[in-house]
Q: 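Below are the structure tokens for one structure; questions will follow.
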Amino acid sequence: MKSFQSLSNLATRHFQRGIASEARSLPSSPSTKYKTATHSSDTVEKLSDVTQATLAKGKEYLLPVYARPDFVLSRGKGSYVWDSEGRKYLDFSAGIAVNALGHADEGVAKVLADQASKLLHTSNVYHNEWAGRLAELLVTLTQKEGGLGYSAAGNTTSAGAKVFFSNSGTEANEGALKIARKVGKDRWAANASGRTWDSKDCTKTRIACFESSFHGRSMGALSVTSTSKYQIPFAPLLPGVDVGKVNDFERLDSLVGEDTCAVIVEPIQGEGGINAAQTEWLAALRKRCDEVGAVLIFDEIQCGLYRTGTLWAHSSLPVECHPDIVTVAKPLANGYPIGSVLLRDSVASTMTAGTHGTTFGGSPLACAVGYHVLSRLSERPFVGQIAETSAYLSGRLSQLPKWFPNTLQPEIRGRGLIMGLGFKDTKDPSRLMSLARERGVFVLTAGKDAIRLVPSLNVGKEEVDLAVDVIESCLGEMQ
Ligand SMILES: Cc1ncc(COP(=O)(O)O)c(C=O)c1O
């Protein structure tokens, strides 16, 4: 890890030079440059024998829970990936908002290799050199840049924070829900003092979540993922879940009541369609949670860690809107699996030895990589570049609804580098995704009616131009 600083400086210089902030003016008409499908889904028979054999193995042995296109990704660099036939794609999905530093980053690869040959896993029975350092970095950045009750201006409603490491976003949310359940029991017991009580009698166990949310696929996380196509095949789910609507002020009081122990919400819904919660509504939600003693959880697994341009999507909001718990995962180790739960000391104090755990979470390898990635993401030039690139992306996307008024909804969605385009016809997002892929650009769908752009955070304006030129060409084809 000795060379971390020099690698990091090198990466920053490269970033500053390579993705220089040259002024670019917006085009005056939509691009038609990418009318032809250059990466069309060839019939499988035209692919090389090796590619055909790889696809056949996947089809025969992998559980078919994904409908994948017929090509095999074999390497990547920066914002680009190549398939086994040598075709190059611009990855404007970053492995679903994961590869913040792009593919095959040299700094990440070096930390992975160095740490893997030193100490990969120890279990949580023992301390390791990296878990505490990464936890400290997460907490101190939050204190400095705002979040979890701390404001960048220095005022705070928080007395300290702790971190629990998991292996994925789903597991981070499971941990957060379990912690909130236990806090609910403590609070219920405190109110029931003087009476003899049994934990089984506790009624403060209900959890509130929101329509179009996505929190993961395990039974607990799925129970608060309010999308019927994900839930129905696996019902019955966790009982005691109440579902509200983001930005609905009127039903907040009935949604969050005395029996509510937890409220879980994404400040910007990713999978559900790039839907942002309003600041005033988050403040009302926080106030209601305080009135009834419910734990407020922000799932920032997709929108956190500088994706919106600040450490957390809620960093720039007044502390009166901040949650008790933030869950994090996707980009924290740039693709190496890791998740984490950050929680204020006021709720952390309920968790004592033995109340929660994991075999792999917080391993020296995951945390060394996480430390390296978070250190680089938080560097000032990097954060400045996100602001500049995202402003340019936003400017280009803002032109599209007026050029394609019959296809697109009038408003573009999201902020920073989590942006979406809404469509009038719900069949169009997946059509656009396929057309763009056939022209060498990966985008994602979101919810029923949107496409989602979540590129690497070090993406350049050149890549923004390529992605939007391709999207425009596809929209032209779809007219
Ligand atoms: C907001 C949000 N929460 C939770 C998850 C689940 O994370 P994971 O797939 O790492 O378990 C996701 C994944 O897309 C997500 O976007």
Side-chain angles (χ1 to χ4, degrees), residues 63 65-66 91 93-100 164-180 207 209-227 229-231 234 237-238 241 243 246 262-277 282 296-308 312-314 323 325-342 358 360-363 366 369-370 373 413-420 442-447 450-455 457:
L63 193 69
V65 290
Y66 285 92
D91 183 4
S93 65
I96 319 189
V98 167
N99 307 107
F164 176 84
F165 289 114
S166 63
N167 307 289
S168 67
T170 302
E171 277 178 70
N173 284 335
E174 288 291 340
L177 293 173
K178 280 182 68 181
I179 292 163
I207 302 170
C209 65
F210 297 92
E211 285 177 11
S212 302
S213 56
F214 189 90
H215 298 296
R217 311 267 198 155
S218 61
M219 280 295 181
L222 183 63
S223 302
V224 292
T225 290
S226 180
T227 303
K229 72 172 177 187
Y230 297 139
Q231 287 190 329
F234 306 101
L237 300 171
L238 209 63
V241 172
V243 184
V246 170
V263 177
I264 184 163
V265 64
E266 293 156 85
I268 301 177
Q269 288 181 336
E271 301 289 323
I274 317 293
N275 309 311
L282 288 172
L296 181 57
I297 304 164
F298 280 4
D299 176 341
E300 295 225 13
I301 287 160
Q302 187 149 167
C303 64
L305 293 177
Y306 299 99
R307 185 146 291 279
T308 62
W312 308 118
H314 73 275
I325 299 182
V326 191
T327 53
V328 194
K330 288 182 178 285
L332 184 52
N334 208 51
Y336 189 83
I338 188 169
S340 74
V341 187
L342 259 83
T358 163
F360 294 119
S363 76
V369 180
V373 172
R413 304 184 192 174
R415 62 180 200 266
L417 289 174
I418 175 164
M419 303 284 290
F442 293 164
V443 299
L444 295 163
T445 57
I451 61 156
R452 178 174 24 155
L453 307 175
V454 281
L457 299 182

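First listed ligand is number 1; within each ligand, the first listed atom is number 1.
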Q: How does Gln269 reach ligand 1, by side chain, by backbone, by both or by neither, if only non-hydrogen atoms under 4.0 Å count?
A: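 The answer is neither.
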
Q: Taking only heavy atoms of Gly169 into account, list the atoms of ligand 1 that are under 4.0 Å away from them.
A: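 So the answer, numbered in order with elements, is 7 (O), 8 (P), 10 (O), 11 (O).
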
Q: Heavy-atom contact under 4.0 Å between Ile96 and ligand 1?
A: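 No, that is not the case, since the closest heavy atom of the residue is not under 4.0 Å from the ligand.
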
Q: Considering only heavy atoms of Asp299, which atoms of ligand 1 have at least one such atom less than 4.0 Å away?
A: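 The list of qualifying atoms is 1 (C), 2 (C), 3 (N), 4 (C).
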
Q: Answer with side chain, backbone, both or neither: which part of Asn173 has a heavy atom less than 4.0 angstrom from an atom of ligand 1?
A: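 Contact part for Asn173 vs ligand 1: side chain (C-beta onward).
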
Q: Check this for me - ligand 1, Gly216, N or O atoms closer than 3.5 angstrom, yes or no?
A: no

Q: Grab the two heavy atoms, one from Phe234 and one from Met219, that are nearest each other, plus how far apart they are.
A: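 Nearest heavy atoms, Phe234 then Met219: O-CE, 3.8 Å.
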
Q: Less than 4.5 Å apart, side chain to side chain, heavy atoms only: is that true for Thr308 and Ile418?
A: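 Yes - at least one pair of side-chain heavy atoms lies under 4.5 Å apart.
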
Q: Show me which atoms of ligand 1 lie under 4.0 Å from any heavy atom of Glu266.
A: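 Those atoms are 1 (C).
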
Q: Counting each atom of ligand 1 from 1 as listed, which ones have a heavy atom of Ile301 under 4.0 Å away?
A: 2 (C), 3 (N), 4 (C), 5 (C), 12 (C), 15 (C)

Q: Would you name the heavy atoms of Phe214 and Asp299 that are closest together and state the gap between them?
A: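 Nearest heavy atoms, Phe214 then Asp299: O-OD2, 3.6 Å.
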
Q: Answer with yes or no whether Glu300 contacts ligand 1, where contact means a heavy atom under 4.0 Å from a ligand atom.
A: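 No, Glu300 has no heavy atoms under 4.0 Å from ligand 1.
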
Q: Going by the atom numbers of ligand 1, which of them fall below 4.0 Å from some non-hydrogen atom of His215?
A: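 The list of qualifying atoms is 3 (N), 4 (C).
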
Q: Among protein heavy atoms, which lies nearest atom 9 (O) of ligand 1, and at what distance?
A: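 Result for atom 9 (O) of ligand 1: Thr170 OG1, 4.3 Å.
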
Q: Using a 4.0 Å heavy-atom threshold (strictly under), name the region of Lys330 that reaches ligand 1: side chain, backbone, both or neither.
A: side chain

